[in-house]
Participant: 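My questions all concern the structure below.
Below, read A as the first sequence line, B as the second, and so on, with proteins coming before strands; counting in each chain starts at 1.
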Amino acid sequence: MRREVPLVITGIVGISLIISFFIPHTPFNLLETLFTDWFLIVAAFAIVLGILNLLKISLDKVYKKKKDWFFGLVVVFSFFFIVIPGFGFSGGRGFQNPGTPFFWIYFYIYIPLMSTMFALLAFFVASASYRAFRARNKEATMLLLAAFFVMLGRVPIGYYLSFWLPENYQLAAVADWIMNFPQTAGQRAIMIGIALGIVSTCLRMILGIERAYIGGE
Amino acid sequence: MSTNLGVWIAAFLTLGIMSFLYKDNPIYKFCEAVFVGVSAGYWFVTEYFTVFLPKVWDNVETAINVLQAEGRMDWFHWSYLLGGILGVLMLLRLVPKIGWISRWPLAVIVGTTSGLWLINYLVSNAMVQVRQTIIPLYVAGNLNASIGNIIIVVGTFCGLIYFFFSKEHKGVFGGAAKVGIWFIMITFGASFGYTVMSRMSLLIARMDFLVGTWLGLLK
Amino acid sequence: MKDKYIFRTGVLLIFLFMFTSLFLGMDTCLAQEMGEAEILEDSLAQPPAPPTNVVAKDAPNDNGHALLVTWTLSADDGVGRNNVVSYQILRSDSPEGEFEVRGLVPAGENIFSDEGAKEKEDANYFPPHKDFYYKVRARSDGIFSDSEVSAPAQAYGQWYHTGKTPVLFAVIIFSTFALVFITVARKGKELYIRPLAGIEAVDEAIGRATEMGKPILYILGLGSADMIATIASFTILSRVSKKTAEYQTPILIPCCDPIVMAVAQETVRAAYLEAGRPDDYKQENIYYLTSMQFAYVAGVNGIMIREKPATNFYLGKFYAESLLLAETGSLAGSIQISGTDEIAQIPFFVAATDYTLIGEELYAASAYLGREPVLLGTLKGQDWAKALVMIFLILGALAATFHFQWFLNLLKVQL
Amino acid sequence: MKLFDRLLAIDRRIIFLLVAIAVTLPLFSKTILHIEISPMVKGVYDAVNNLPPGSKVLVTFDYDPASAPELQPMALSFFRHCFSKDLKVIIMGLWPQGPIQANIALEDVFRIPEIKAKNLKYGEDYVNLGYMAGNEVVIQRMGSDIQATFPVDYSGNKTSELPLMKGIKNFDNIDFVYNLSAGYPGTMEWVQFAVDRFHAKLGAGNTAVQAPGMYPYIPRQLVGVLGGMKGGAEYEIIDKHPARAVSYMLSQGVSHAVVVFFIIIGNLAFFATRGKRKTSE
């Protein structure tokens with residue numbers, strides 16, 4: 001029962017959505033909106049699940065005085081540091097408007113943390129290109145050559161390196177050509193492949209063949 | 001130098017995260033913990049105001065209003081209550097004995113995506129892309145366009161051969177798969193180039209914040 | 001003498017006649033001139049010829065809250081007096097009743113879709129199964145002329161969208177391929193599947209972790225539980241964790257999405273049960289970190305540096321964090337197996353991890369590891385669909401080169 | 001050979017330091033570099049430039065602060081272009097943080113004297129409809145009724161009471177859609193729904209990571225795409241108002257050169273030491 005009911009639900013919901021694609025008549029035309037909104041609602045509730053989990057793990061660390069317990073306390077504190085002003089002092093639904101305490105925290109704490117995390121990638125990209133991008137074989141060489149032309153062709157440096165060439169052979173033009181033809185072809189092949197893979201996986205789920213996502217007994 | 005307290009806090013956090021590049025240290029761990037806590041809180045508040053309130057609360061309110069004013073059941077809006085119930089069922093996972101009930105909302109979700117995506121990907125990324133690739137191999141009087149079009153058709157074709165699972169890559173078939181993987185690698189290379197561009201931009205903006213906004217060295 | 005009088009009278013009469021005719025003639029001339037002036041003025045003030053042939057009919061392929069109105073252009077639209085600026089579409093529920101404006105289209109257009117809301121509360125509600133009458137007004141500057149009132153029409157919903165027939169065919173063909181090969185596989189026919197390096201390496205990677213006495217880190221990516229990449233990853237996780245249960249190697253799964261965490265717990269618990277070691281299952285090893293991308297990466301990187309797992313799996317939906325994870329992992333000296341369908345991230349996985357499953361290969365991997373006939377069957381069906389796509393590609397390119405338009409129309413999808 | 005061995009074993013922190021220097025030093029320079037305009041950017045620019053005054057432009061902000069360095073300059077120059085051409089701007093977002101980014105961009109654009117002089121009014125010249133949860137299904141719903149999809153705007157005003165929204169029902173009344181996107185949901189969803197289903201005219205600004213994936217859609221489904229900060233700089237140049245993105249181009253160029261240099265050195269060292277390693281094994 002515990003496994004069969006969910007599989008049946010998945011199958012029915014999936015098939016009814018596929019059918020509704022071909023039927024413009026009410027109520028089929030409403031199904032897509034309704035199911036997607038349900039999805040959002042369930043996901044929103046699931047956030048609660050995640051947060052309880054996070055708080056539990058952090059507080060556990062603190063109670064049991066595990067290694068780094070102090071940082072567990074920081075997690076809990078910073079969680080409430082944004083949640084309390086968010087619900088309490090930021091004007092309800094207008095909570096994100098400039099001028100609210102929630103916005104202040106967002107602007108001066110959340111944004112710098114997030115964008116610095118993202119910016120770290122620049123360093124890792126550089127070190128990865130030094131240590132990992134090797135012309136080991138024909139395939140890797142192709143990858144490197146394409147990357148080389150695109151990287152230089154897409155910035156002003158490319159112009160200064162190749163302005164003496166006829167316009168069609170300058171780095172920028174070569175980069176454009178790579179993007180427009182071989183890149184587009186490869187992109188399409190992967191895209192179509194992925195699409196067919198997705199269709200096939202969806203079909204397996206609707207038929208109840210792919211069932212790992214349900215878990216066990 | 002900036003005189004804004006917020007800018008100083010932001011600068012501290014920026015440097016704290018960057019200190020990870022040297023090595024893992026307590027200041028980084030502190031910033032990391034702040035990030036984890038603040039971001040969880042951010043999502044909690046945002047989901048409440050942008051999903052729970054408008055999707056569950058408002059719709060059920062509409063349904064109740066219709067019932068009171070006109071005395072009829074507005075099934076479409078009532079069904080959002082069912083969405084809310086599914087959400088609550090998700091929370092039952094916290095109760096180990098009846099945790100398995102949370103598979104039902106999950107099944108609804110997976111059913112929704114599998115139904116929607118089957119069609120969407122089949123149409124937009126398979127059928128429409130095949131349609132887009134149907135281009136003349138010979139364009140009168142335009143050698144560049146002809147060569148370009150041939151490259152697109154051949155590249156897409158060989159790329160698809162590479163993704164064949166049920167046939168050994170040998171002989172002509174293997175050769176075509178080889179050409180296919182070249183095209184795929186060129187795509188990855190281009191994509192790598194663009195990614196480098198993207199990441200560097202992010203770092204430039206962060207450095208601009210540190211040197212310009214915070215220290216005020218750029219005029 | 002009488003003749004003389006007759007003659008003079010005659011001349012007089014002729015003169016009179018001539019004078020009269022002169023005046024008359026002037027009159028006609030004047031009349032003509034004045035007439036032309038009037039006509040000139042008239043063309044400024046006279047309304048354009050009305051549109052004719054107004055027909056309202058149910059709009060095709062919809063849910064029954066719209067009517068399609070067509071008409072023959074006014075004789076003065078583009079030709080004739082050429083003074084039509086726009087057409088207004090008016091609607092009423094009775095031919096004599098009051099007409100309300102429903103829409104405006106520029107001159108030269110002869111079709112309008114009158115759509116309304118489907119909710120009864122909406123001010124713009126469009127009731128189905130109700131007679132409506134239309135007229136179309138040709139408008140010049142400030143003046144207009146109305147067409148005859150159309151015959152009544154009703155909006156009703158359709159039960160099949162005719163524009164989507166090619167999609168229906170595609171769905172049917174695809175499903176048939178899949179079902180046929182599932183049946184073939186169930187009957188016990190051996191289906192050949194070419195080897196994938198990333199999958200062959202799974203056993204070796206788990207063995208290495210066991211030897212070293214270190215845990216295995218399995219990252220399901222940033223995707224939510226409904227994403228196909230994540231679902232494929234669940235299937236692979238179930239095989240991998242079954243092996244870790246057999247080898248008694250701990251498996252750490254920090255999650256970025258609470259639902260993914262819940263499912264991962266279920267999946268791993270089931271795998272341990274299947275392997276006959278339910279007691280080794282540790283729920284606290286599968287936990288939620290945070291939903292935020294970089295906070296999550298920061299957390300996982302911390303784990304990699306502190307726990308130094310022997311093997312890292314990155315399978316699922318990955319975005320910018322792919323490189324951060326893979327680089328940190330290689331710094332920690334772990335064997336890394338990766339796979340995603342996010343094209344922009346694959347180059348980094350290719351560069352910084354030991355084995356990479358590219359796009360579609362990730363979905364196929366679950367079938368590889370399971371070796372279950374049904375899964376292999378769908379994989380085979382998928383290949384056949386791919387072959388069909390490739391045939392269309394080649395025939396299509398030839399058709400486009402030699403201008404066979406009918407073939408191109410086959411693939412036209414109207415949404 | 002010794003040199004290469006040492007190079008291969010180089011501490012990654014030295015690489016990090018070089019990158020930091022390569023990015024930061026050029027920030028102090030005021031040099032303006034030659035910037036080529038690619039056809040992709042010109043496609044978007046021409047589409048906007050050819051709109052008559054009073055046309056309605058829908059700008060969708062589908063990104064968060066993490067991608068702001070790349071997309072914010074695009075938002076800014078696009079707003080500037082629209083307002084200077086007297087186009088009406090409707091803002092929305094499929095990412096919760098998007099509309100906040102739009103407000104930040106509006107604040108900046110109103111500081112430009114030329115735009116400030118126009119004294120633009122909220123509700124008449126521009127509106128911000130805010131964020132709507134629901135990803136691509138939101139676009140699908142907008143195809144039948146935009147005002148029903150967004151009953152209230154960002155600050156809670158009724159959409160139906162905003163003068164600018166009068167007469168806007170669906171994509172038929174929108175002359176151009178401009179999508180700034182950093183992932184999912186983003187340009188691909190706008191193509192699949194707004195363009196494929198409702199025939200909207202779409203231009204896009206993407207992070208550089210995403211941009212290559214958009215090429216298969218051009219030109220039939222997409223008029224063009226601005227890729228990353230370079231795309232933003234090109235738009236600023238073609239619009240003749242160089243701003244932030246242009247000023248960052250020197251840093252961008254130098255940092256690319258450094259990465260290319262690393263790849264070359266890494267490979268040289270790799271090949272130089274490979275032969276030796278083979279014999280020793």
Participant: At a heavy-atom separation under 4.5 Å, does C/Ile236 approach chain A through its side chain, its backbone, both, or neither?
Facilitator: neither

Participant: Please identify, among C/Thr165, C/Ile231, C/Val374, C/Leu323, the residue contributing the most non-hydrogen atom pairs under 4.5 Å to chain A.
Facilitator: C/Leu323

Participant: Could you check which of C/Val268, C/Ile343, C/Thr230 has the highest count of heavy-atom pairs closer than 4.5 Å to chain A?
Facilitator: C/Ile343

Participant: Should C/Asp383 and C/Lys386 count as an ion pair when the cut-off is N to O under 4.0 Å?
Facilitator: yes

Participant: Which bit of A/Leu203 is near chain C, if near means a heavy-atom gap under 4.5 Å: side chain, backbone, both or neither?
Facilitator: side chain

Participant: Hey, what's the ring geometry for A/Tyr108 with A/Trp104, parallel, tilted or perpendicular (30° and 60° as the breaks)?
Facilitator: tilted

Participant: Give, as side chain, backbone, both or neither, the part of C/Ser233 having an atom under 4.5 angstrom from any heavy atom of chain A.
Facilitator: neither

Participant: Nearest 0.5 Å please: distance from the CD atom of C/Gln265 over to the CG atom of C/Asn285.
Facilitator: 10.5 Å

Participant: Determine the option with the most heavy-atom pairs under 4.5 angstrom with chain C, choosing from A/Ile190, A/Val75, A/Asn53.
Facilitator: A/Asn53

Participant: For the residue pair C/Phe177 and C/Trp384, does the interplanar ring angle fall in the parallel (under 30°), tilted (30 to 60°) or perpendicular (over 60°) class?
Facilitator: tilted

Participant: Tell me whether the rings of A/Tyr110 and A/Tyr106 are parallel (<30°), tilted (30 to 60°) or perpendicular (>60°).
Facilitator: parallel

Participant: Heavy-atom cut-off 4.5 Å, strictly under: side chain, backbone, both or neither for A/Phe123 against chain C?
Facilitator: neither

Participant: So which of A/Val199, A/Leu196, A/Asp60, A/Ile192 has the biggest tally of heavy-atom pairs under 4.5 Å with chain C?
Facilitator: A/Leu196

Participant: Tell me if the aromatic rings of A/Phe124 and C/Phe348 count as close, with their centers under 6.0 Å from one another.
Facilitator: no

Participant: Given that the side chain runs from C-beta out, which part of C/Ile182 has a heavy atom under 4.5 Å from chain A: side chain, backbone, both or neither?
Facilitator: side chain

Participant: Heavy-atom pairs under 4.5 Å with chain C: which of A/Met205, A/Lys56, A/Met191 has the most?
Facilitator: A/Met205

Participant: If I measure from the heavy atoms of chain C, does A/Ile19 come under 4.5 Å with its side chain, its backbone, both, or neither?
Facilitator: neither

Participant: Chain C heavy atoms under 4.5 Å from A/Ile57: which part of the residue, side chain, backbone, both or neither?
Facilitator: side chain

Participant: Checking A/Val125 against chain C: side chain, backbone, both or neither under 4.5 Å from a heavy atom?
Facilitator: both

Participant: Name the member of A/Ala195, A/Ala43, A/Ala46, A/Ser200 that forms the most heavy-atom pairs with chain C at distances under 4.5 Å.
Facilitator: A/Ser200

Participant: Looking at C/Met227, is its backbone amide N or carbonyl O close enough to the side chain of C/Lys317 to form a donor-acceptor pair, meaning the two atoms are under 3.5 Å apart?
Facilitator: no

Participant: Could you tell me if the side chain of C/Glu360 sits less than 4.5 Å from the side chain of C/Asp341, heavy atoms only?
Facilitator: no

Participant: Counting heavy-atom pairs under 4.5 Å with chain C, which one of A/Ile209, A/Leu49, A/Leu207, A/Ile198 comes out on top?
Facilitator: A/Ile198

Participant: More than 12 heavy atoms of other residues, nucleotides or ligands under 6.0 Å from OH of C/Tyr160: yes or no?
Facilitator: yes

Participant: Is it the backbone or the side chain of C/Ala225 that comes under 4.5 Å from a heavy atom of chain A, or both, or neither?
Facilitator: neither

Participant: Thinking salt bridges, do A/Asp176 and A/Arg154 make one under a 4.0 Å N-O criterion?
Facilitator: yes

